[in-house]
Enquirer: 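Could you have a look at this structure, given as structure tokens, before my questions?
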Amino acid sequence: TEYKKAIELKSNYASAFFNLGNAYMSKGLLKPAVEEYCKSLSVNPNSVEAHINLGNAYDNLGLQDAAIEEYKRALTLNANSGEAHINLGTTYFNKGLKDEAMLEYKKAIEIMPNSVEAHFNLGNVYLIRGALQEAMIEYKKVISINPKYIAGHYNLGVIYQKLGNLNMAISCWKQTLKIDSKYAPAL
């Protein structure tokens, strides 16, 4: 590939390692991606994006603690990286660390108030905790930002169902099916 050629010409070319890592990630080749991100970081240890992508690769490999460390390194370099906060929150969430996840999603929302992903993920934490009104607020925000975000409509329906408002739940699920008639959870 062109990235490999660039590396052959200039062996300390951080962006070529980074891009090669991205190419491997896009093909699901996680271990080679990790190797390339590490090479990129050996040349440019201050690359927020490389730390985030290395964290993503580690997370996909099931190495959650290593992923957390990379996201934290990214945040040390740039505390305003909404992507790093979201990814860190998601890894915490997947480890069962709901308080930590909530904190990271809230930080991401402060930085990126229109992040569908941050609002949706925060809504999921609230939903799991049984904080239905707070979850509803987040899912409504998701839908206001992106009216076609199918999971937002579906989860809002779940909230209405839990609150005993079946008419609103059905309305949300019908909207879900309008967006995607084959969305399995709503069938």
Enquirer: For a 4.5 angstrom cut-off between non-hydrogen side-chain atoms, does I52 reach S81?
Expert: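 In short, these two side chains touch, coming nearer than 4.5 Å.
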Enquirer: What I'd like to find out is whether the side chain of Y183 reaches to under 4.5 Å of the side chain of P185, using heavy atoms alone.
Expert: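 Yes - at least one pair of side-chain heavy atoms lies under 4.5 Å apart.
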Enquirer: Testing the basics here: between A57 and M25, what is the closest heavy-atom pair and its distance to 0.1 Å?
Expert: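 Distance-wise, the nearest heavy atoms are CB-SD, 3.7 Å.
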Enquirer: Apply side-chain hydrogen bond (donor to acceptor under 3.5 Å, both in side chains) to residues Q175 and H153 and explain how you reach the verdict.
Expert: CA-CA 7 Å; Q175 183 61 33; H153 289 283; 4.6 Å; no
Enquirer: Whether the Y58 and D65 side chains hold a donor-acceptor pair (N or O, under 3.5 Å, no angle test) is what I'd like checked.
Expert: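 Their side chains do not contain a donor-acceptor pair, so the 3.5 Å distance test is not met.
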Enquirer: To the nearest 0.5 angstrom, please state how far the CD1 atom of I143 sits from the CD1 atom of I150.
Expert: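 Taking CD1 in I143 and CD1 in I150, the distance rounds to 11.0 Å.
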Enquirer: Atom CD of E69 and atom CZ of R73: how far apart are they, to the nearest 0.5 Å?
Expert: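 Spacing of CD (E69) from CZ (R73) equals 6.0 Å.
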Enquirer: Please test M102 against Y126 for side-chain contact (heavy atoms from CB on, under 4.5 Å), starting from the C-alpha separation and ending with a verdict.
Expert: CA-CA 8 Å; M102 183 180 295; Y126 284 135; 3.7 Å; yes
Enquirer: Counting distance only, does the side-chain N/O of S47 pair as donor-acceptor with the main-chain N or O of L41 below 3.5 Å?
Expert: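 Not at all, since once roles are kept as given, no pair shorter than 3.5 Å links the two residues.
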Enquirer: So how far is it from H85 NE2 to I111 CD1, rounded to the nearest 0.5 Å?
Expert: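 One finds 4.0 Å between NE2 of H85 and CD1 of I111.
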Enquirer: Does some side-chain heavy atom of L127 sit less than 4.5 Å from a side-chain heavy atom of K162?
Expert: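 Yes. Closest side-chain heavy atoms under 4.5 Å.
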Enquirer: With a 4.5 Å heavy-atom cut-off, do Y160 and C172 have their side chains touching?
Expert: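 Yes - at least one pair of side-chain heavy atoms lies under 4.5 Å apart.
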Enquirer: Could you see if I128 belongs to whatever hydrophobic cluster contains L122? Use Ile, Leu, Val, Met, Phe, Trp, Tyr and a side-chain cutoff under 4.5 Å.
Expert: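 Shared cluster, yes.
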Enquirer: Could you list the residues that satisfy side chain to side chain donor-acceptor pair (under 3.5 Å) with Y139, not counting sequence neighbours?
Expert: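 Result, side chain to side chain donor-acceptor pair (under 3.5 Å) vs Y139: N124, N155.
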Enquirer: Are L177 and I170 linked, directly or through other ILVMFWY residues, by side chains that come within less than 4.5 angstrom of each other?
Expert: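 Result: no, two separate clusters.
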Enquirer: So, using ring-ring contact (aromatic ring centres under 6.0 Å, His included) as the criterion, who are the partners of Y37 when residues are at least two apart?
Expert: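 Y37 satisfies ring-ring contact (aromatic ring centres under 6.0 Å, His included) with F18 only.
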Enquirer: Answer whether the closest heavy-atom distance between the side chains of V116 and K141 falls below 4.5 Å.
Expert: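 A side-chain contact under 4.5 Å is absent here.
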Enquirer: Flag the pair E70 / N53 as yes when at least one side-chain heavy-atom distance between them is below 4.5 Å, and no otherwise.
Expert: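 No. Closest side-chain heavy atoms not under 4.5 Å.
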Enquirer: I'd like to know if K39 pairs up with E36 as an ion pair, taking the criterion as any Lys NZ or Arg NE/NH1/NH2 lying under 4.0 Å from an Asp or Glu carboxylate oxygen.
Expert: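 A salt bridge links K39 with E36.
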Enquirer: Measure across K31 and L61 and return the closest heavy-atom pair with its distance rounded to 0.1 Å.
Expert: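 Looking at all heavy atoms of both residues, the shortest contact is CG-CD2, 4.2 Å.
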Enquirer: Checking V34 against C38 for the side-chain contact (heavy atoms from CB on, under 4.5 Å) test, could you report, in this order, the C-alpha distance in whole Å, the side-chain angles of both residues, the deciding distance, and whether it holds?
Expert: CA-CA 6 Å; V34 166; C38 287; 4.1 Å; yes
Enquirer: Are I137 and I159 co-members of a hydrophobic cluster defined by side-chain heavy atoms under 4.5 Å apart?
Expert: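 In one cluster with I159: I137, no.
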Enquirer: Tell me if a side-chain donor or acceptor on S40 pairs with a main-chain N or O of A14 at a distance below 3.5 Å.
Expert: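 Yes, the answer is positive, given that a donor and an acceptor are paired below the 3.5 Å cut-off.
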Enquirer: Taking it one step at a time, do E49 and N22 satisfy side-chain contact (heavy atoms from CB on, under 4.5 Å)?
Expert: CA-CA 11 Å; E49 295 81 11; N22 289 344; over 6 Å; no
Enquirer: Using modelled atom types and a 3.5 Å cut-off, is there a donor and acceptor pairing between side-chain atoms of Y71 and backbone atoms of A66?
Expert: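 Pair absent, no side-chain N/O of Y71 close to backbone of A66.
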Enquirer: Measuring from L29:CG to L20:CG, what's the distance to the nearest 0.5 Å?
Expert: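 Between L29 CG and L20 CG, I get 10.0 Å after rounding to 0.5 Å.
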Enquirer: Testing the basics here: between S115 and A118, what is the closest heavy-atom pair and its distance to 0.1 Å?
Expert: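 For S115 and A118, the tightest heavy-atom pair comes out as OG-N, 3.1 Å.
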Enquirer: Indicate if L163 and V142 have the same hydrophobic cluster label, given that clusters are the connected sets of ILVMFWY residues with side-chain heavy-atom separations under 4.5 angstrom.
Expert: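 Yes, L163 connects to V142 through the hydrophobic network.
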Enquirer: Is the NZ or CZ atom of K98 both under 6.0 Å from the centre of the six-membered ring of F93 and within 45° of that ring's axis?
Expert: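 Because its charged atom sits under 6.0 Å from the ring centre and within 45° of the axis, K98 does stack over F93.
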Enquirer: Report yes if some heavy atom in the side chain of N44 is under 4.5 Å from a heavy atom in the side chain of F17; otherwise report no.
Expert: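 Of all side-chain heavy-atom pairs linking F17 with N44, none is under 4.5 Å.
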Enquirer: Find out whether L132 and M136 are in side-chain contact, i.e. whether some heavy atom of one side chain is under 4.5 Å from a heavy atom of the other.
Expert: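 L132 vs M136: side chains apart.
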Enquirer: How close do A84 and A74 get, counting heavy atoms only, and between which atoms?
Expert: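 Minimum heavy-atom contact is CB-CB, 4.2 Å.
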Enquirer: Check the pair N46 / H51 against side-chain contact (heavy atoms from CB on, under 4.5 Å), numbers first and verdict last.
Expert: CA-CA 8 Å; N46 295 324; H51 283 290; over 6 Å; no
Enquirer: Which value, rounded to the nearest 0.5 Å, describes the distance between L88 atom CG and D59 atom CG?
Expert: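 With rounding to 0.5 Å, CG (L88) is 10.0 Å from CG (D59).
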Enquirer: What distance do K72 atom NZ and E104 atom CD have between them, rounded to the nearest 0.5 Å?
Expert: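 Going from NZ on K72 over to CD on E104, the span is 8.5 Å.
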